[in-house]
Enquirer: 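This structure is in structure tokens; I'll ask about it shortly.
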Amino acid sequence: VARRVAQVGQQIRADYGDRTPVLVANLKGAFIFLADLCRAMGGPLSIDFMATASYAGSTKSSGAVRIVKDLKMDIEGRDILIVEDIVDTGYTIRYLMEYLELRKPDSVKICTLLNKKEARKIEVPVDYECFTIPDRFVVGYGLDFDEKYRELPYIGEIVS
Ligand code: IMP
């Protein structure tokens with residue numbers, strides 16, 4: 001994970017050059033990934049947070065996304081990089097992209113730690129990903145099941 005996050009961080013910095021993207025992390029799952037990614041990228045950059053919820057103690061997406069915490073920054077004219085823990089059905093990312101576009105940023109790109117391509121219900125443009133994974137429920141490195149296991153220093157599968 002560390003090696004791959006470092007590679008992707010350097011790739012993102014190479015693409016943005018000396019521009020100052022705003023990394024918008026979707027809490028809570030992305031918090032550890034964001035911490036490693038921003039240090040791999042190096043400055044200049046800004047960071048803001050949003051929080052969405054679509055799962056409540058379940059491993060299946062309900063499709064309904066709601067905003068639990070909104071942006072603090074004015075992002076008009078900025079380059080936005082959404083930082084996600086995992087793109088699963090795609091509902092959350094699609095919702096976030098449309099929501100951020102309303103605030104008239106210059107660009108919106110998506111970076112995800114994990115990409116569950118097989119589970120996609122709607123198409124979304126993933127610009128950067130660390131790993132493609134099969135359609136299994138995973139935890140650790142920030143990801144939870146019912147608020148547990150975020151602290152695991154690795155990514156593991158929940159086997160029922
Ligand atoms: P989507 O809207 O179905 O794409 O789901 C995205 C969100 O669901 C992610 O930001 C995660 O919070 C959560 N999620 C999806 N799959 C997993 C998983 O395997 N483990 C933990 N959380 C997951």
Side-chain angles (χ1 to χ4, degrees), residues 1-5 8-9 11-12 21-41 45-73 75 79-103 105 107-160:
V1 173
R3 197 162 53 230
R4 185 68 190 130
V5 172
V8 171
Q11 184 192 345
I12 296 171
V22 183
L23 275 52
V24 174
N26 187 22
L27 295 172
K28 303 176 198 170
F31 80 108
I32 293 181
F33 178 44
L34 173 77
D36 287 342
L37 185 74
C38 71
R39 286 176 291 181
M41 282 176 62
L45 55 82
S46 305
I47 289 175
D48 205 348
F49 295 98
M50 288 193 62
T52 57
S54 62
Y55 287 71
S58 155
T59 59
K60 289 273 174 292
S61 173
S62 65
V65 180
R66 77 198 156 88
I67 292 185
V68 180
K69 187 217 168 297
D70 205 344
L71 284 180
K72 203 161 180 186
M73 290 178 60
I75 59 166
D79 295 308
I80 304 303
L81 183 66
I82 301 175
V83 178
E84 257 288 22
D85 52 352
I86 183 162
V87 181
D88 183 16
T89 60
Y91 291 130
T92 304
I93 275 292
R94 167 62 64 82
Y95 185 87
L96 274 179
M97 281 192 80
E98 288 175 357
Y99 185 82
L100 293 172
E101 294 282 7
L102 295 173
R103 281 155 181 71
S107 65
V108 178
K109 286 188 172 187
I110 295 172
C111 175
T112 187
L113 172 68
L114 303 173
N115 192 355
K116 267 194 211 176
K117 288 183 184 154
E118 296 167 7
R120 206 69 97 245
K121 293 269 172 31
I122 51 171
E123 220 180 295
V124 287
V126 172
D127 300 283
Y128 304 99
E129 69 169 56
C130 292
F131 302 101
T132 293
I133 63 163
D135 189 8
R136 311 254 183 80
F137 200 83
V138 294
V139 295
Y141 195 70
L143 288 92
D144 76 310
F145 171 64
D146 208 8
E147 295 303 328
K148 293 194 293 277
Y149 311 119
R150 292 192 197 276
E151 73 287 357
L152 294 178
Y154 54 84
I155 299 165
E157 183 188 353
I158 293 270
V159 183
S160 47

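Atoms within each ligand, like the ligands themselves, are counted from 1 in listed order.
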Enquirer: Quick check on R120 - does any of its heavy atoms sit under 4.0 Å from an atom of ligand 1?
Expert: no

Enquirer: Answer side chain, backbone, both or neither: which part of T52 comes under 4.0 Å from ligand 1, heavy atoms only.
Expert: neither

Enquirer: If we ignore hydrogens and angles and just use 3.5 Å, is the side chain of D127 paired with the main-chain N or O of C111 as donor and acceptor?
Expert: no

Enquirer: Against heavy atoms of V138, which atoms of ligand 1 measure under 4.0 Å?
Expert: 18 (C), 19 (O), 20 (N), 21 (C)

Enquirer: Is the closest heavy atom of G90 to ligand 1 under 4.0 Å?
Expert: yes

Enquirer: Please state which part of R136 comes within less than 4.0 Å of ligand 1, counting heavy atoms only: side chain, backbone, both or neither.
Expert: backbone

Enquirer: Does any part of the side chain of K28, heavy atoms only, come nearer than 4.5 Å to the side chain of D144, both counted from C-beta?
Expert: no

Enquirer: Flag yes if more than 12 heavy atoms outside Y99 fall under 6.0 Å of its OH atom; otherwise flag no.
Expert: yes

Enquirer: Counting only heavy atoms not in R4 (residues, nucleotides, ligands), do more than 12 fall under 6.0 Å from its CZ?
Expert: yes

Enquirer: For L143, is the nearest heavy atom under 4.0 Å from an atom of ligand 1?
Expert: yes

Enquirer: Does any N or O atom in N26 lie less than 3.5 angstrom from one in ligand 1, N or O only?
Expert: no

Enquirer: Considering only heavy atoms, which of L114, I122, T92 lies nearest to atom 6 (C) of ligand 1?
Expert: T92

Enquirer: With a cut-off of 4.0 Å, which atoms of ligand 1 are near a heavy atom of E84?
Expert: 10 (O)

Enquirer: Answer with yes or no whether D85 contacts ligand 1, where contact means a heavy atom under 4.0 Å from a ligand atom.
Expert: yes

Enquirer: Please confirm whether V65 approaches ligand 1 to less than 4.0 Å, judged on its heavy atoms.
Expert: no

Enquirer: What are the atoms of ligand 1, with element, lying closer than 4.0 Å to any heavy atom of K116?
Expert: 16 (N), 17 (C), 18 (C), 19 (O)

Enquirer: For ligand 1, which atoms have a heavy atom of T89 less than 4.0 angstrom away?
Expert: 1 (P), 2 (O), 3 (O), 4 (O)

Enquirer: Run through N115, D135, D88 and flag the one making a side-chain hydrogen bond (donor to acceptor under 3.5 Å, both in side chains) with R120.
Expert: N115

Enquirer: Any idea which heavy atoms bring D48 and K72 closest together, and the distance?
Expert: OD2-N, 2.8 Å

Enquirer: Side chains of M50 and L100: closer than 4.5 Å at any heavy-atom pair?
Expert: yes

Enquirer: Would you check if the side chain of K69 reaches a backbone N or O of F49 as a donor-acceptor pair within less than 3.5 Å?
Expert: yes

Enquirer: Quick check: closest heavy atoms across V83 and F33, and the distance to 0.1 Å?
Expert: CG1-CD2, 3.6 Å

